[in-house]
Amino acid sequence: MAEARYDADSITVLEGLDPVRKRPGMYIGSVGQRGLNHLIFEILDNAVDEHMAGYCSLIHVTLHADGSCTVKDNGRGLPVDMHKKGIPAERVILTVLHAGGKFDDSVYKTSGGLHGVGSSVVNALSKKMEVRVYRDGRIYFDSYERGKPVTKLQKGMLPVLGKTTERGTEITFLPDDEIFEKTEFREEAVKSRLHETAYLNPELRIIYTDERPGKEESIEYHEPEGIKAYVAELNKGQEAVTPLIYFKDQLSGSELECCIQFVDAFEENIHGFCNNIYTQEGGTHITGFKTRFTQMINMYARQLGILKEKDQNFTGADTRNGMTCVLALKYPDPIFEGQTKTKLASAEAAQITAQITGEKLEHFFDRNVETVKAVIGCAEKSAKIRKQEEKAKTNLLSKSRFSFDSNGKLKVCTSKDPKRCEIFIVEGDSAGGSAGMGRDRDFQAILPIRGKILNVEKASIDKVLANAEIKTMINSFGCGFSEGYGNDFDISKLRYNKIILMTDADVDGSHIDTLLLTFFYRFMPELIKAGHVYISIPPLYLVTPKRKSEEPLYLYDDKELTRYQKAHSSDSYDLKRFKGLGEMDPPDLWATTLDPERRVLKQVNIEDARLASEVTEMLMGTDVAPRREFIYKHAREAEIDT
Ligand code: TTJ
C-alpha cells in the first residue's frame, strides 16, 4: 500500500517541477551567468535563515573542480521524518515548489524578491543533487537527477550513511548544462555576496573554498563589527565628515539596524536590505528612513539657529548630500514589488523605520552636537548649489512661459488632423524612449510619465493642476477640463482621437492606470463617454518557432501560452517573456502595441472609470494594510472589463 502511494505522489512531484525546467527564466531571472550564480544564493539563503532563527553559526560554500557546489551549515538539519504524503519531509522540501515555508519556523523569511523561490527550483535545474542531513547522531542521504529522486527509500525512510556527532544540512548540486548557457560560477559575484551576508550577520562565519584548477583559494568571511564595518568599507579612501552613526532597535516584531557616515562627496549612497535581501529598487523602509531623517535635520537646524524663521527647509536630497548608509530591516512577511521584485512594498515598514530612526537619531544627536552640525553643513552646501541651479532654470523658463510641455517630455506627431492622431501615455522613461523610436511619428504622439502621478482623489485642484505630468497632459489634449464651478472643457478642440494608456501588466502599471482613469473621470468624463480613452494590452510572451517557415507569435496571457504549449512540442520553439514595456526594443513595441493593424486595445467605458475612482478613493482611506491588499486583489480588474 505504502509503495503504491509513494509512486502516485512521486508522479505529482515530478509534474510539479516540470514548469521550472520549461521556463527556468521565470523562476531564477535568467539562464545566463546571473541565474547560474543565483542557484548558490538560493541554497545559501536557507542556511542563513537557519542562522537568523538562532541555530547555525557556520556555513561552508565550496566550488568543486567538477563544476558542482556544496553549501553546508551547522543548523538543526532538514527534517527527515515522514511527511503526510508518505515521503520524507526533506524530499518534499526539495521537490515541491514553494514547500519551504511549512517547515520553516524562522521569523524573518527571505521569501519574496527574486529570492525565496525555494530549493526545489535549484534541484529541478541541477543535473545532480546530493543531500546529507546530520541529525540525531546519523547521516541521512538523498539524491536527485534533474529534480527526480534517485535514492531508494527504505520503508519510506532515507538511507543512513553512518554515525556522526555533527548537526546540519549539506547540499551539493551540479547545474544542468542543458539549461544554463554557462555552467561556471563567477567567483567575484559569489564572494561579494558572501561578504555582504557576513556584514549583515555579524555572528555568522562563512568559509568559502574554491577547488577549481587555477582558482584555488579559501576565504573566511566574518564581520563581527557588522554594518559598521560595511559602511567603513564603502567609504574607504574618502574623507569622512562625521564619525559612524550607528543604531539598532526593535519595534512591533521588527528590527532595524542602521549605520550612517557622511563623506566629502555629493552623492548619496544608501544600501537597503530587508531580511538580508538587497532591495535594489528601494521601497517603504528607505522612504520611511529618508523622510524622518530630513525632518530631524531641519528640526536641529532650526533649534541650533542655523535655519532662521524666514529660511526654507532643506530638501530631502540636501540632507543626504554625502551620505553613505546601510539600513537593514528585519520584517516579518514582507511584500516585494517592482521589475525585479526588489522593492519593499509593505506600508508598515515605513512607519517602523521612521519611528526607530527618529528616536535613535535624536538620542545620538543630542549627545553629539558636533556631528549634527557637520551633517547640516553638508546640507547647506547642497542647498546653495540647488538654489543656483533653480535660479538658472527660472530664467530659462520665463523666456518660454507658453511652452505647455513643462518637463519637455512630449513627443509630438506631425499630423494636425485630430481624427487620425493618437497619443500614448507611457509609463517610464525607457519605455517612453522606445515608443518614441518605434512609433509612426506622422500620427502618433508619445507622452512618457514617471512613476505614479499625483493622486487626484486626494489632492486639491491647485495641486492637481500644478503637477507637471497632468499639466502636460491637459495642454497636449487641447480641450481644457471641467471641475466644480468652472467648466472650460470643449471636446471639439480635442487634438487626438485616441488617448491610449500604455503601462506594464504589473501592480505598478495597474496603479498608474487607475490614477489616470480617476483623473479623466473627474476632470474630463466626456472624453471617456465619447470613447476616446483606451488601455493598450501588451503581449506577455513571444514564441519563435524553430522552423523558419513559421512566423513568430505574440501571446497576451498565460491561457494563450498554455494553449500554445499543449499544441506544440516544447523543443519546437523558443519562448521569451517580456517583463515590462521597458524591456521591448522599438521594433518589438511597434509590432505589439503601436501598430494599429496588430495591437490590442481595450476601450474604457465610464463604468470602468467610475470603478477606478472608487478604488482610488478607497485606497486613500486611513487603514493602510487593507489598502495594500486591495491594490493587489482588485486594481487590475477594476479598470478594465475582464
Ligand atoms: C526547520 O525546522 C526544523 C529544524 O530544521 C529547520 C530547517 O529547515 N533547517 C535548515 C534548513 N537548516 N539548514 C537548512 C538548509 C540548508 C541548506 C544548505 C539548504 C537547504 C535547502 C536547507
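Numbers here are sequence positions counted from 1. Quick caveat: nothing in here was measured; it's all calculated off a predicted structure. Note that ligands are numbered from 1 as they come in the structure, with each ligand's atoms numbered from 1 the same way.
Residue pairs meeting the salt bridge (Lys or Arg N to Asp or Glu O under 4.0 Å) criterion with at least one partner in residues 124-133, sequence neighbours excluded, are K127-D177, E130-R132. Residue pairs meeting the ring-ring contact (aromatic ring centres under 6.0 Å, His included) criterion with at least one partner in residues 161-210, sequence neighbours excluded, are H195-Y199, H195-Y221, Y199-Y230.
Distances below 4.0 Å separate heavy atoms of R76 from the following atoms of ligand 1: 4 (C), 5 (O), 6 (C). Ligand 1 places these atoms under 4.0 Å from at least one heavy atom of L78: 8 (O), 11 (C), 22 (C). Annotation for ligand 1: atoms under 4.0 Å from non-hydrogen atoms of S119 are 21 (C).
At a threshold of 4.0 Å, the pair K330-E257 does not count as salt-bridged, since none of the basic side-chain nitrogens sits closer than that to a carboxylate oxygen. A salt bridge links R186 and E188; the closest N-O separation between the charged side-chain nitrogens and carboxylate oxygens is under 4.0 Å.
Contact annotation: G75 has no heavy atom less than 4.0 Å from any atom of ligand 1. Under a 4.0 Å heavy-atom criterion, G77 is in contact with ligand 1.
The CD1 atom of I40 lies 10.5 Å from the CZ atom of R193; values are rounded to the nearest 0.5 Å.
Taking distance alone, with nitrogen or oxygen atoms compared against 3.5 Å, D73 approaches ligand 1 more closely than that limit.
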